[in-house]
Peer 1: 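Structure below; questions to follow.
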Amino acid sequence: MRLICLQDNLSTALSIVEKAVATRSTLPVLSNVYLEAREGRLMLSATNLDISITCWIGANIEEEGATTVPARLFSDFVDSLPSEPVELELIVRTQTLNIRCGRFEANIRGMDATEFPEVMTASKLEGQSTRIVTPLRPATLRKIIQQVTFAAASEETHPFLSGAFTSLEGDQLTLAATDGYRLSVRNVILPQPVEGSFEVIIPAKALDELARIATEADESQPIEILIPQGRNQILFHLKGQPEGPVMAIELLSQLIESTYPDFRALIPKEYNTRVVVKKDAFLKALKIAHLFAKDRDNMVKLEIAPASELLPGSLTIRATSRQYGDNVSQVEAKVQGAPLEIAFNVKYLIEALSVMEEDEIALEATTSSSPGVLKPADGEDFIHVVMPMYLEEE
C-alpha cells in the first residue's frame, strides 16, 4: 500500500471513525483503525462490534493494499502534522506504516488487515438488503435524533430501553425513546413517500453517532438506509459535502432484538390544565431553580394559576434547598383550565426544553399525580411525556 492524501482530509476522516474504536476489548485489533487503498480512494473504518463507522477520502493511490494501525496514536500523530500532503507506505513484511509529511516522519507498527472484522459496506450488501432512499436531509435527521435519544435509558438493565423505536412507512417517520420516567416521541411527515418500510429498535448511542457524523454530509443529498437480510443490522449511507474532506460516510449498527412497549398508550389524551409559555423564559427559570433543587432529587414545584379579573395567568417555579435556601421565579403564561400544583425532576424539563426549537411551548396535565406533557404550543410533531414527582404536603 502506497498513497498520498491531504492531511486535512485524513484528520477529518480519523475524527469521524475513531468514535467507533473499541476502548475495552479482548480483540486487540479492535483498537486499530482499518485502512484500505483502492480505486483512487482511501477507506478508513473502525468498529466495536456494536457499531461500525466507515468513510472514504480521495487519494493518489500508487499501490493498493490494506492494513490496521493503532487508532489513538495514528490520529494524534496526523492531527499534529502541518496542513500538507501526507505520504503513507506500508512495509508488508513487518506491517509497519511509514508516514511522511513535510519534515515529519514516523513508523507505526500495525496488525495484518485480515485480522480485522470484515468491513460491511453498502456496496457489499447490495442485493441482499432492503434498500430505502429517504428524502431526509442530514440536518433534519440530526434534529429529530437530538429530540429523542436523550430520553433513552443509559443503563442496560432492560436493553430495549437503551434504544430508540424507529419506524418508517410511506411518508411517516417516527422515533421514540423512554427510560421509564419520561418519553420522547418525534413524528416527521416526509416530502414524499418511500418505497419499503421497517420497524426496528436502534441503540441510542448509535443514533447519537449518526447525528454527529451527519455534520460532514451533503445537505442536498438524501440519506440511504439498508436493512441486511437476516443480519439484525441497519446501515446508513451519507454522501460527503461537495469539495468537502470526505467523499462518503456509512454507519452500520446492530439492532436490539426485543419488543418495544406500546408508547402511544402512555401519551395522555386529555388534560384539565394547559399552560402556554415562552420557552426561553421558562428554560431560564428552570435552570435557576436547578441550583436550589440539587439536594432534593432535583425536584421543582410548578404552580399554575389561571387569569383572574385582577391578575394575568402565571406559572410559578419553586425550588427549595434544605441547606442553602429557596428560589421562586414567575413566568407569564396563558392558562386554560383549572389551577394546578405539580412537581417534576427539573433536569428532565431542562433537557426536553433544550431540544425544542419553537418560541412557545405548552405544558398539559390532569392532576398532580398524572404525567405532564410538553409539546410545541401549535403542533403535535414532538411530544415529551414526563412522570411527576411526589408532592409533599407543606
Side-chain angles (χ1 to χ4, degrees), residues 147-153 161 176-187 261-290 292-293 296-307 313-320 327-394:
Q147 290 181 325
V148 170
T149 55
F150 75 93
L161 292 183
T178 179
D179 60 5
Y181 300 98
R182 53 185 171 169
L183 164 70
S184 270
V185 182
R186 183 70 162 88
N187 294 298
D262 182 10
F263 62 89
R264 293 179 180 87
L266 304 177
I267 302 173
K269 303 297 187 294
E270 300 176 348
Y271 60 86
N272 289 335
T273 304
R274 186 176 197 263
V275 54
V276 175
V277 294
K278 295 290 186 182
K279 186 198 75 172
D280 290 344
F282 189 22
L283 185 56
K284 182 176 182 179
L286 289 171
K287 288 180 177 179
I288 293 173
H290 188 208
F292 293 84
R296 291 195 66 184
D297 298 323
N298 294 311
M299 186 180 79
V300 294
K301 183 168 73 171
L302 306 184
E303 299 173 357
I304 303 169
S314 65
L315 171 62
T316 302
I317 300 100
R318 296 184 183 274
T320 302
N327 160 251
V328 179
S329 301
Q330 193 172 77
V331 178
E332 187 175 329
K334 303 171 188 174
V335 180
Q336 293 178 323
L340 178 67
E341 292 187 2
I342 190 168
F344 294 108
N345 184 320
V346 67
K347 287 182 63 178
Y348 292 171
L349 299 181
I350 290 173
E351 289 177 349
L353 290 175
S354 296
V355 297
M356 299 177 75
E357 297 182 333
E358 292 75 12
D359 292 333
E360 288 190 330
I361 62 97
L363 171 63
E364 300 172 353
T366 303
T367 68
S368 61
S369 58
S370 61
V373 177
L374 286 168
K375 62 175 68 173
D378 57 356
E380 298 283 336
D381 57 341
F382 176 56
I383 296 175
H384 186 79
V385 181
V386 58
M387 296 299 295
M389 298 180 71
Y390 174 68
L391 196 58
E392 298 176 356
E393 295 291 335
E394 296 182 357

Peer 1: Hey, could you give me the OG/CG distance between Ser329 and Leu302, rounded to the nearest 0.5 Å?
Peer 2: 11.0 Å
Peer 1: I'd like to check Ser369 versus Tyr390 (side-chain heavy atoms, cut-off strictly below 4.5 Å). Are they in contact?
Peer 2: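 The answer is no, as the side chains (C-beta and beyond) never meet within the 4.5 Å cut-off.
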Peer 1: Can you tell if the side chain of Pro388 reaches within under 4.5 Å of the side chain of Ser370, non-hydrogen atoms only?
Peer 2: no
Peer 1: Hey, does Asp381 have a side-chain heavy atom less than 4.5 Å from the side chain of Pro376?
Peer 2: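 They are in contact (side-chain heavy atoms under 4.5 Å apart), so the answer is yes.
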Peer 1: Nearest 0.5 Å, please: how far is OH in Tyr181 from CE in Met389?
Peer 2: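 Separation between the atoms: 10.5 Å.
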Peer 1: How close do Gln147 and Phe382 get, heavy atom to heavy atom, and via which atoms?
Peer 2: O-CE1, 3.1 Å
Peer 1: Can you tell me how far CD1 of Ile304 sits from CD of Glu364, rounded to the nearest 0.5 angstrom?
Peer 2: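 One gets 10.5 Å once the value is rounded to the nearest 0.5 Å.
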Peer 1: Nearest 0.5 Å, please: how far is CD1 in Ile317 from CD in Glu303?
Peer 2: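 The CD atom of Glu303 sits 9.5 Å away from the CD1 atom of Ile317.
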Peer 1: Any salt bridge between Asp359 and Lys279, counting N to O under 4.0 Å?
Peer 2: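 The answer is no: the pair does not qualify as a salt bridge.
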Peer 1: If we only count heavy atoms from C-beta on, is the Val300 to Arg318 side-chain gap below 4.5 Å?
Peer 2: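 They are not in contact (no side-chain heavy atoms under 4.5 Å apart), so the answer is no.
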Peer 1: Just wondering, do Ile383 and Ile267 contact through their side chains at under 4.5 Å, heavy atoms?
Peer 2: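 In contact.
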Peer 1: Tell me the closest heavy-atom pair linking Arg274 and Ala377, and the distance in Å.
Peer 2: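 In terms of heavy atoms, the two residues are closest at NH2-O, 3.1 Å.
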Peer 1: Using distance only, find each side-chain donor-acceptor pair of residues 342-355 under 3.5 Å and give its atom names and separation, not counting sequence neighbours.
Peer 2:
from: Asn345; atom 1: OD1; to: Lys347; atom 2: N; distance (Å): 2.9
from: Glu351; atom 1: OE1; to: Arg182; atom 2: NH1; distance (Å): 2.4
from: Glu351; atom 1: OE1; to: Arg182; atom 2: NH2; distance (Å): 3.2
from: Ser354; atom 1: OG; to: Ile350; atom 2: O; distance (Å): 2.7

Peer 1: Can you tell if the side chain of Val185 reaches within under 4.5 Å of the side chain of Phe263, non-hydrogen atoms only?
Peer 2: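 With C-beta onward as the side chain, the pair touches.
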Peer 1: Compare every heavy atom of Ala289 with every heavy atom of Ala319, then report the nearest pair and how far apart it is.
Peer 2: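 Heavy atoms only, the tightest pair is CB-O, 3.3 Å.
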Peer 1: Test: side-chain hydrogen bond (donor to acceptor under 3.5 Å, both in side chains). Region: residues 263-273. Which pairs qualify, not counting sequence neighbours?
Peer 2: none
Peer 1: Say you draw a straight line from NZ of Lys278 to CD1 of Ile361; how long is it, rounded to the nearest 0.5 Å?
Peer 2: 11.5 Å
Peer 1: Sequence neighbours left out, cut at 3.5 Å: what donor-acceptor pairs do the side chains of residues 330-337 make with other protein atoms?
Peer 2:
from: Gln330; atom 1: NE2; to: Thr316; atom 2: OG1; distance (Å): 3.2

